[in-house]
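A, B, ... follow the sequence lines: proteins, then strands. Residue 1 opens every chain.
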Amino acid sequence: MKVLVPVKRVVDYNVKVRVKSDGTGVELANVKMSMNPFDEIAVEEAIRLKEKGVVTEIVAVSIGVQQSQETIRTALAMGADRGILVVTDQPTESLAVAKILAAIAKEEAPQLIILGKQAIDDDANQTGQMLSGLLGWPQGTFASKITADGAMVTVEREIDGGAETVELKLPAVVTTDLRLNEPRYASLPNIMKAKSKPIASKTPADYGVDATPRLQILKVVEPSKRTAGVKVKTVDELVDKLKVLGAIG
Amino acid sequence: MTAFDDWRARSPYYDETHEAVAQSVRRFVAAEVAPHIDRWEAEGELPRELHRKAAAAGILGLGYPEEYGGHSEGFDIFHSLTQSEELAAPGAGGLTASLMTHGIGLPPILALGSDEMKRRIAPEVLAGDKIIALAITEPSGGSDVAQLKTRATLVGNKYVVSGQKQFITSGMRADYLTVAVRTGGPGMAGISLMLVETDRPGVSRTRLDKMGWRCSDTATIHFDDVEVPPENLIGPENGGFAGIMRNFNGERLGMAMGCCAHARVALAEAVAWATTRETFGKRLAQHQSIRIKLADCERQIEATQAWVDLCAWQSREGRGRPADYAMLKVQATRMLEAVAREAAQVLGGASYITGSKIERIYREVRVNAIGGGSEEIMLDLAGRQLGYT
């Protein structure tokens, strides 16, 4: 079976992001960029399914600026087979991304699409669900375990109350949670081998999608600083304080 | 962690394959090194398992011939520089010094050794199964290589080696030593390179404790009538000096790159602090005196990096001069000394407390300025080679 894995180029998770001085967003100039960690988990899961013999081909897709090609190369170095780069300089919003992915899915006819549950830049957590809706495919979100055979995929998913297991008929959309797996790092020789794997270059227009943003960012601010705490001597005093603060009734 | 990460993207020497190497090594370091480095610093050595993992990730073999298990196809010296920058991320120079000791121990074998020796040694070193170290310096002297005293005498069909080697990086764990020995008369014309397996009877070693590079084991090694077969000679008898000198060029370029990388780590930590810490009603970086310090550090790093990259290019093109590598190393160690000092000043008291990267980098300034050829020896060597006599 063929698997589609979308991968997003985001600020490296180790970078402490800074708000731009004009408050229009976070500073991206001169900042380390990497593959969204949830997407790495998606790539890793696809590779594991391939290693088990369930999957035959892994196609990595990235939508964004030209440099997103590097993110696809990372996926190829990890073990994906080929890439599709959809170049746009505009900010990528979940719905536009979902529409592009839906169009690619119709063209590529994968049996399974594995996405990160969210990207660590805008934390939208929408693309997988929207994609599933647009395609009319079943979805298994926040997967902590995936088992697939030729016709079905079983997804253990993390929900507020605990864990839930769903069985989806293929083709299906699955989004990954942190505990699904621990992604491998590409070995250096595989990085060189990835250079010869093909990447097709496209635009949103090729898929009939207008990627113009629909959302307007009004203001971005730093989280408020933590204020100094107060020491209490007894449990009673603690309870009183919490009552005064309205934290407990 | 803001303004120092994309310098390669603005350099003519680096492309997206170098960035991919950076990403991969960064992942390796974050997963396999960063969580353990403080413990290894305390324990005084790296686990062997790390060598095997680094080999599997392609790190140990980068730049070495494919036929011995290395990875040279498509790689150039700038991939190696990129890798060493990423290995510097934990701010512990002992990591590179000890994990990559084969970078000074193995090249003489690949350059001068017999085919049999290359096939026997290189694959298991590049697989991380065996550790090789370079043993040149002696208790009686280091920089004056031509005067070394460890002697290998041919007795019957074996060499018998006697003497001592000092400050040997990875010396406690090494399975193999590339040793400089005297096989002939006095001076540089009597020196040979020899492979000595550390399990040979008569080899013993003593651990040395030290100021920095603490996760890198360092040894004094004693050779007490160690019998070594003649086929362990690396290159011709009494022809070792040129090989030693040539090996120093790569070591010095590598150390210069390491200085740039660690200076960037120190500066990144200082900037992170200066842009968040508030004093007198504003952020540290908003005080002109602090901003000047930070820019001055950046100035010195970029100037040194530009020369590192030029020397790397010259090395790749076969156009390098030994004097340049020697002077480059001095430039880099003095730059690191200045940057480590200023970064520590910016952090203030926090830089003096164990646990900050700057505290460790500051301690490691000295080993860079002395090891691999002291600043004074480097400049004297350069002066001689430039004909200023």
Measure distances from [X] to the heavy atoms of chain A and classify the residue's part below 4.5 Å as side chain, backbone, both or neither.
X	result
B/Glu66	neither
B/Ala56	backbone
B/Ser72	neither
B/Gln23	side chain

Taking 4.0 angstrom as the limit, do [X] and [Y] come out as a salt bridge?
X	Y	value
A/Glu70	A/Arg73	no
B/Arg360	B/Asp38	yes
A/Glu27	A/Arg18	no
A/Asp177	A/Arg157	no

- Query: Of the listed residues (B/Gly58, B/Ala57, B/Ala30, B/Gly74), which shares the most heavy-atom pairs with chain A below a 4.5 Å separation?
  - Reply: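 Answer, by heavy-atom pair count under 4.5 Å with chain A: B/Ala57.
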- Pairs of heavy atoms under 4.5 Å with chain B: top-ranked of A/Asn190, A/Ile191, A/Leu188: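 Top option by heavy-atom pairs under 4.5 Å: A/Leu188.
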- Item | Main-chain N/O of B/Tyr13 paired to B/Asp309 side chain as donor or acceptor, under 3.5 Å |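 No; zero donor-acceptor contacts below 3.5 Å.
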- A/Ile63 side chain near A/Leu101 side chain, heavy-atom distance below 4.5 Å: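 In short, these two side chains touch, coming nearer than 4.5 Å.
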- Item | side chain to side chain donor-acceptor pair (under 3.5 Å) assessment of B/Arg48 paired with B/His51 | CA-CA 5 Å; B/Arg48 274 178 181 261; B/His51 290 251; over 6 Å; no
Measuring heavy-atom distances to chain B, does [X] have an atom under 4.5 Å in its side chain, in its backbone, in both, or in neither?
X	result
A/Ala77	neither
A/Gln69	neither
A/Met33	backbone

